[in-house]
Structure formats: C-alpha cells, structure tokens
Enquirer: 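Here it is: the structure, laid out below.
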2 protein chains.
Amino acid sequence: MPDRIPQSPSEKTVERLSLYRYLLYGILAEGERNIFSHALAAMAAVSSAQVRQDMMVLGYSGSPNQGYEVGKLIASITEFLDDGHGRNIALVGIGNLGRAILSNFSGQRSRLQIVAAFDVNWQIVNRLIHGCWCFPMEKLHGVMKEQDITLGIVTVPPAAAQVVADQLCEGGVRGILNFAPVRLRVPEDVYVSNLNITVALEKVAYFAHHGMVRVESPSREEAKV
Amino acid sequence: MPDRIPQSPSEKTVERLSLYRYLLYGILAEGERNIFSHALAAMAAVSSAQVRQDMMVLGYSGSPNQGYEVGKLIASITEFLDDGHGRNIALVGIGNLGRAILSNFSGQRSRLQIVAAFDVNWQIVNRLIHGCWCFPMEKLHGVMKEQDITLGIVTVPPAAAQVVADQLCEGGVRGILNFAPVRLRVPEDVYVSNLNITVALEKVAYFAHHGMVRVESPSREEAKV
DNA sequence: TTCTGTTTGTGAAATAACTAACAGCGTTAA
DNA sequence: TTAACGCTGTTAGTTATTTCACAAACAGAA
C-alpha cells in the first residue's frame, strides 16, 4: 500500500515556501518562537488558508492554539526544499547584474551557494568579486566538475546566452536561472526559469495605470466582526 | 448597447503580451513581415492556443493562412499596454542592482523610461550613470513632480525599502517594482510587484533536483502525425 | 472556378489555483 | 474537571487559467 501519492508541488507553492522560510528567519531573529498561519499570511501577502494548505506538503504540523514553531517550521521547509544538502552554483556573466547577484547573495541564509563566477573578459577574471572567485570561460567545464556545480545563473548579454547555456548543460548543470531575454534551448532534463526585468516593469506600468487587479495584501481578510 | 465588456486581462496575460512584443521586435529586425501563432508560441514557450487567446484582448485580428502582420501586431500590443503614451520612471538605490537595471534599460525599445536615479550616498550622486542623472534622495519629491514620474523601481537594501516606498507614494507614484525582499505597505491605489531573486533561485534549485514540473517548451506540441 | 491545405477566432471542456468551511484538538481558565 | 475559545488540517467548493476542438476564412493549385 503506497504510503503517500507523490503529488509534486506546483511552482507557486515552492515559491511561497521559499518566501515563508525567508520571512521566518526574520521572525526568529526578533525572538519569536511561534507564529500563526494568519500572521505569516499577512507577511507573505497571501491568505491564511493558503498558508495552511502550503504546509500540507511538508511533513510538519503546527499545534492548535499555539501555531507553528518557527524553528521547526524552518527546518521542515529546508528539508523539503533543499533535501538536506546544499547546491553549488556557477554564475556566468560578471556584468552589472552578475555583480549585483554576487553581492546580494553572499552571506545568505540559504544552502545555495555561488561558488564560482565566469566571464569572457580577461580584465575582470582571476580575482575575487564579493567573495567569489572569477574564472575565464575556458575553465567552466573543469571547475564545474571539481566543485560539483549543478546550477547556473546566466547574466550575459542576449546574444551570448544560448552558447553559455550549452556550455553549462555540457558541464552537467541541472537547472538554470536565466536573466537574458531569450528562451534557452536545453536538454529535456534541465530546468530553466526566466526572469525578464523588462517584462516585470511593463506589467507594473500596465496595472499602475489601468488599475483593476489588486495583488498586494488580502490585508484585513479576517478582521474581527 | 455596450460595445464590449471591459474584462481586464490577468497579470499573466499582460506579461505574455509584453514578451510577445519583445520577441516580435526581434522578428521584425530579421525582416519577417508575418508570423503564425504557433511560431510565436514556440518562441515564448507557450501553446499556440494560448497565443491566440491572448490576442483576443487586443483589437487586432490576424488573417487565416497568413498569420499576423508583425508590424501591426506590435502596434496593437503597444496601444494596449502603453495606451499611446510613455511613462517616466524613478530608480531608487544605485547599488549594483540599480546600475544593472540602468544599463540594461538604456536604449530599450519600450516607451518606459528611467528618467532619474536616486541614492543617499553623496559620493555617487550628481552625475550621469549609464546616461541617467543621479540625484540625492532629498530631491526625490521635486524631481518626481518636475518630470511627471509615475513609476518607481526600488533597489535599496531591505531595511530602507519601506521608507523609500513611502517617499515614492508621497511623490505620487502609481506603481512600484520592488527588488527588496520585503512586502511594502502602500496606499490602496498603488500597484506593487515584487521580484525576489533568492526565491527565484531556490525555485530553480528545487525543480532542478526534484524533477516533475516541466515549464519550458510545450515544444513539438503540434508535430505532424 | 473549385478543391485542398492551413490558420485564425472562439466558446466549451479540462485543469490548476485559491478560498471557504468546519471537525477536532490543545490550551486556558474557572 | 469541565467548558469555552482559537487555531490547525483537510475536504469540498469556487474561481481563474489553459487547452481543446472546430467553424469560418483565406491562399494557392489545378
């Protein structure tokens, strides 16, 4: 008898879990030991029902009247997302955006780590940037193997993105976060997620000036009486 | 008799329209005058049905057997998204990420334009960065009024984000693209969209190593026979 | 012209995501 | 101990989004 139907979570669920964990670290830092679903919901700008539903994919259960233990909930999300071990990441393209990500990501509380950066420009490689060693592109394959890198971040100009993606795939990458406004063609088993800043901005512009949809704060959803 | 029910489009539809337009400019540059829904779909990594459905919110119709006229389709999307006129944007926080956005955005083919950047650091203001003039924070309100700025991009550290958002709102901003990992509290009529790079990366890490969901390329959906 | 092969536009069906609602439990207070 | 309250886990219901499927339209060939 199967113990449980696998039922892989949706992308949105994973995103929210990641966000919850981030928020929970903040809670923990403030010394709170417990939190209710509606409090977490308010911080994440979702409904409390959504939070409880998301919790169902984790093994962890809160207790009635006490809510969730922050520490255990973090541990639970971490076990779920990271599966116990961290992942090593290569960042390719040390331009403005690449540097931004390197600096924002150093000293992060996730088990993901950018362990190497790469660029074609010889003037900027062979040194540390924000604590991360920069290699010339030629070393990509070798370093990926040495460091057991399984994830890649692509922050190169659009024209170079596909070539870089090919090299990452050849190096054995399993997933790519792509900032170049290009759809990458990769083997079946490589997961790609695109982050297009221009699109994001145009969306904001549209809804800012056409109103309608309201995404932030279901707010006082459960205000009393 | 009402000509048409308004029926505001979903966020996802707007994002896709923005992406289509971006892709169509590329098509146009290659000299193609027409395109089919399935070709555009392949580039955007969605289904052809999705493309046609999205087209329904525009007034424009393609012609059977000829597809869509690229130029007219771009014009149609532009009319829909930009409503005829451009928008002026203020970027706050000239760190690594801010610079990245300034450089990626200069000379873009959208009608959105970053017309001013702001920072608290006196050493980096009062000069051009990637073609954009940088002001000290004190000038925010004045410049916003002068330049008719209605959109803001927040690329400051988390701790400063709420204060910046407050100032932007006071300056009359209608929408904010927020990169700080914080939920901003803003008045009802200000639209906020959050872009959390860490969350995006953790999502990639999860699906890269747990498989399941496949987002890229419905691919050869309509391969013959 | 007429036939053939394709493609669009669109409502209906299917799927996915979210919300509501409530039984059951733990905590607290008498 | 017992009762009352508030929160969680969970299922069912609702809404949003995507895909299907097919009529109508057009171009090209014969």
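Just the heavy atoms: all of them, side chains too, but no hydrogens, waters or symmetry mates, feed the values below.
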Enquirer: What is the separation between atom NE2 on His38(B) and atom C1' on dC20(D), rounded to the nearest whole Å?
Expert: 17 Å

Enquirer: What nitrogen or oxygen pairs link the protein and nucleotides 27-30 of chain D at under 3.5 Å?
Expert:
unit_1  : atom_1 : unit_2   : atom_2 : d
dA27(D) : O4'    : Asn65(B) : ND2    : 3.2

Enquirer: As an exercise, state the distance from CD1 of Ile153(A) to CZ of Phe105(A), rounded to the nearest 0.5 Å.
Expert: 6.5 Å

Enquirer: Is the CD atom of Glu170(B) crowded by more than 12 outside heavy atoms at less than 6.0 Å?
Expert: no

Enquirer: Taking CD from Glu69(B) and P from dC26(D), how many angstroms apart are they, rounded to a whole number?
Expert: 14 Å

Enquirer: Take the protein atom CG of Leu40(A) and the nucleotide atom P of dC7(D), then report the distance between them rounded to whole Å.
Expert: 14 Å

Enquirer: Do Met43(B) and Arg183(A) have side chains that get closer than 4.5 Å, going by heavy atoms?
Expert: no

Enquirer: Do Arg87(B) and Arg174(B) make a side-chain contact, defined as non-hydrogen atoms from C-beta onward lying under 4.5 Å apart?
Expert: no

Enquirer: Take the C1' atoms of the five end pairs on each side of the helix from dT1(C)-dA30(D) to dA30(C)-dT1(D), derive the two axes, and give their angle rounded to 10 degrees.
Expert: 10°

Enquirer: Just how far, in rounded Å, is P of dT8(C) from CG of Leu58(B)?
Expert: 14 Å

Enquirer: Whole Å only: how far is the CG atom of Asn34(A) from the C1' atom of dT27(C)?
Expert: 13 Å

Enquirer: Using OP1 and OP2 only, check whether a side-chain N or O of Tyr68(A) sits under 4.0 Å from dG9(D).
Expert: yes

Enquirer: For Tyr60(A) and Tyr68(A), take the angle between the two ring planes, folded into 0 to 90°, and tell me which bin it lands in: parallel under 30, tilted 30 to 60, perpendicular over 60.
Expert: tilted

Enquirer: Looking at every non-hydrogen atom in both residues, tell me the closest pair between Leu177(B) and Ala200(A) and how far apart they are.
Expert: CD1-CB, 4.1 Å

Enquirer: Can you tell me how far P of dT8(C) sits from CZ of Phe36(B), to the nearest Å?
Expert: 7 Å

Enquirer: So Tyr206(B) and Thr13(A), do their side chains get closer than 4.5 Å, heavy atoms only?
Expert: no

Enquirer: First locate atom CG of Leu17(A), then atom CE of Met55(A), and finally report the distance between them rounded to the nearest 0.5 Å.
Expert: 7.0 Å

Enquirer: Is there any protein nitrogen or oxygen under 3.5 Å from a nitrogen or oxygen in nucleotides 10-18 of chain D, and what are the pairs?
Expert:
unit_1  : atom_1 : unit_2   : atom_2 : d
dT11(D) : O4     : Gln53(A) : NE2    : 3.4
dT18(D) : OP1    : Arg16(B) : NH1    : 3.0
dT18(D) : OP2    : Arg16(B) : NH1    : 3.2
dT18(D) : OP2    : Arg16(B) : NH2    : 2.9
dT18(D) : O5'    : Gln50(B) : OE1    : 3.2

Enquirer: Working to the nearest 0.5 Å, report the span between CD1 of Ile114(B) and CG of Leu201(A).
Expert: 6.5 Å

Enquirer: How long is the gap from CZ on Arg16(B) to CZ on Arg21(B), to the nearest 0.5 Å?
Expert: 15.5 Å

Enquirer: Within a radius of less than 6.0 Å around CD of Glu79(A), do more than 12 heavy atoms belonging to other residues, nucleotides or ligands occur?
Expert: no

Enquirer: Tell me the interatomic distance from Glu15(A), atom CD, to dA17(C), atom P, rounded to whole angstroms.
Expert: 11 Å

